[in-house]
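Below is one structure, written out as structure tokens; comments come after it.
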Amino acid sequence: QVQLVESGGGLAQTGDSLTLSCLVSGRPFGLLGLGWFRQVLGREREFVATISWSGGSQNYADFVEGRFTISRDNAKNTVYLQMNNLKPEDTAMYYCAANLLGAVPTNPDGMDYWGKGTLVTVSS
């Protein structure tokens with residue numbers, strides 16, 4: 001079992017920054033592929049960013065447009081999502097996810113474990 005606990009969501013205004021954190025436990029952190037996904041009520045969960053087990057490779061959704069940065073601290077078992085220049089359309093529940101084989105799929109179905117999410121609300 002892998003447990004993921006997200007934090008750092010909240011209310012922001014357009015142009016603000018937020019940093020999401022996800023503390024991971026239950027499996028060797030350094031072997032996991034990790035990612036952030038988001039979901040708006042009534043819509044499918046969508047890919048935001050992924051990071052490889054080593055942290056050397058990151059992948060971002062097109063809508064990120066250079067505004068977000070995913071990173072991981074293997075010593076702290078934590079993955080982060082730094083979000084800058086937030087827009088109202090970034091409003092969503094943000095989920096952290098892990099892949100046990102170290103893969104970093106953009107399809108949510110490829111992830112093995114999920115956190116419960118942290119809500120980000122961006123007002124205009």
Side-chain angles (χ1 to χ4, degrees):
Q1 285 283 4
V2 177
Q3 293 78 43
L4 304 101
V5 180
E6 303 94 335
S7 61
L11 181 62
Q13 295 185 334
T14 298
D16 282 355
S17 297
L18 283 176
T19 299
L20 307 183
S21 300
C22 176
L23 178 63
V24 183
S25 61
R27 288 291 181 97
F29 183 79
L31 300 180
L32 300 173
L34 297 168
W36 288 95
F37 295 77
R38 69 185 189 184
Q39 188 170 21
V40 175
L41 190 64
R43 297 176 59 180
E44 293 186 351
R45 193 167 297 187
E46 66 176 353
F47 159 71
V48 177
T50 55
I51 187 166
S52 62
W53 64 271
S54 68
S57 177
Q58 302 90 40
N59 189 23
Y60 297 94
D62 290 342
F63 65 77
V64 168
E65 299 176 324
R67 300 179 297 127
F68 299 175
T69 302
I70 188 171
S71 62
R72 63 190 293 165
D73 186 335
N74 286 2
K76 295 183 178 180
N77 287 7
T78 302
V79 59
Y80 304 96
L81 185 68
Q82 171 71 42
M83 303 188 294
N84 298 326
N85 192 21
L86 285 163
K87 304 176 182 180
E89 51 263 45
D90 294 319
T91 295
M93 185 71 80
Y94 283 73
Y95 297 91
C96 176
N99 181 284
L100 293 179
L101 300 180
V104 282
T106 59
N107 187 331
D109 293 341
M111 290 296 189
D112 299 308
Y113 290 95
W114 293 86
K116 294 183 178 181
T118 185
L119 182 62
V120 173
T121 303
V122 184
S123 63
S124 57

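For the numbers below, each heavy atom of this structure counts, side chains included, while hydrogens, waters and symmetry mates do not.
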Problem - Residue list, side-chain hydrogen bond (donor to acceptor under 3.5 Å, both in side chains) with Lys76, at least two apart or on another chain - result: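 In terms of side-chain hydrogen bond (donor to acceptor under 3.5 Å, both in side chains), with neighbours along the sequence ignored, Lys76 is linked to no residue.
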Practice task
Linking directly or through intermediates, with side-chain heavy atoms under 4.5 Å: list the remaining ILVMFWY members grouped with Leu23, chain and number order.
Solution key: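 Direct or chained contacts put Leu23 with none.
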Applying side chain to side chain contact (heavy atoms under 4.5 Å, CB included), name anything that partners [X], two or more places apart in sequence or on another chain.
X: Ser124; result: Thr14, Pro88
X: Leu31; result: Pro28
X: Glu44; result: none
X: Asn84; result: Ser17, Gln82

Exercise for the section: With sequence neighbours left out, write down each residue that passes salt bridge (charged side-chain N to carboxylate O under 4.0 Å, His left out) with Arg38, or none if nothing qualifies. Expected result: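 Arg38: salt bridge (charged side-chain N to carboxylate O under 4.0 Å, His left out) contacts with Glu46, Asp90.
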Exercise for the section: State, with a plain yes or no, whether a side-chain heavy atom of Tyr80 is found less than 4.5 Å away from one of Ile70. Expected result: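 Side-chain contact under 4.5 Å: no.
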Handout entry: Within-4.5 Å side-chain heavy-atom neighbours: Leu81 and Leu18
Key =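 No, side chains not in contact.
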Problem - Selection residues 85-124 - residue pairs positive for ring pair (Phe, Tyr, Trp, His ring centres under 6.0 Å), sequence neighbours left out - result: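 Found Phe37-Trp114.
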Practice task
Return each pair, listed once, that meets ring pair (Phe, Tyr, Trp, His ring centres under 6.0 Å) where at least one residue sits in residues 44-65; pairs must be two or more places apart or across chains.
Solution key: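 As it turns out, there is no ring pair (Phe, Tyr, Trp, His ring centres under 6.0 Å) pair with a partner in residues 44-65 once direct neighbours are skipped.
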Handout entry: Donor-acceptor contact below 3.5 Å, side chain Gln58 vs main chain Gly55
Key =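 A pair under 3.5 Å: yes.
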Practice task
Check for a donor-acceptor pair, side chain of Ser52 on one end and backbone N or O of Ser57 on the other, with a separation under 3.5 Å.
Solution key: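 Checked: pair present.
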Please name the pair of heavy atoms, one in [X] and one in [Y], separated by the smallest distance, quoted to 0.1 Å.
X: Gln3; Y: Gln1; value: NE2-CB, 3.4 Å
X: Phe29; Y: Val79; value: CZ-N, 4.1 Å
X: Met111; Y: Thr50; value: CE-CG2, 4.2 Å

Handout entry: salt bridge (charged side-chain N to carboxylate O under 4.0 Å, His left out) contacts in which one or both residues fall within residues 19-37, not counting sequence neighbours
Key =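 Of all non-adjacent pairs touching residues 19-37, none passes salt bridge (charged side-chain N to carboxylate O under 4.0 Å, His left out).
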N/O donor to acceptor pairs below 3.5 angstrom from side-chain atoms of residues 6-13, sequence neighbours left out:
{"residue": "Glu6", "atom": "OE1", "partner": "Lys116", "partner atom": "N", "Å": "3.1"}
{"residue": "Glu6", "atom": "OE1", "partner": "Gly117", "partner atom": "N", "Å": "2.9"}
{"residue": "Glu6", "atom": "OE2", "partner": "Cys96", "partner atom": "N", "Å": "2.8"}
{"residue": "Glu6", "atom": "OE2", "partner": "Gly117", "partner atom": "N", "Å": "3.2"}

Please list every donor-acceptor pair under 3.5 Å in which a side-chain atom of residues 98-110 meets a protein atom from a residue at least two apart or in another chain.
{"residue": "Asn99", "atom": "OD1", "partner": "Leu101", "partner atom": "N", "Å": "2.8"}
{"residue": "Asn99", "atom": "OD1", "partner": "Gly102", "partner atom": "N", "Å": "3.2"}
{"residue": "Asn99", "atom": "OD1", "partner": "Ala103", "partner atom": "N", "Å": "3.1"}
{"residue": "Asn99", "atom": "ND2", "partner": "Gly110", "partner atom": "O", "Å": "2.8"}
{"residue": "Asn107", "atom": "OD1", "partner": "Asp109", "partner atom": "N", "Å": "2.9"}

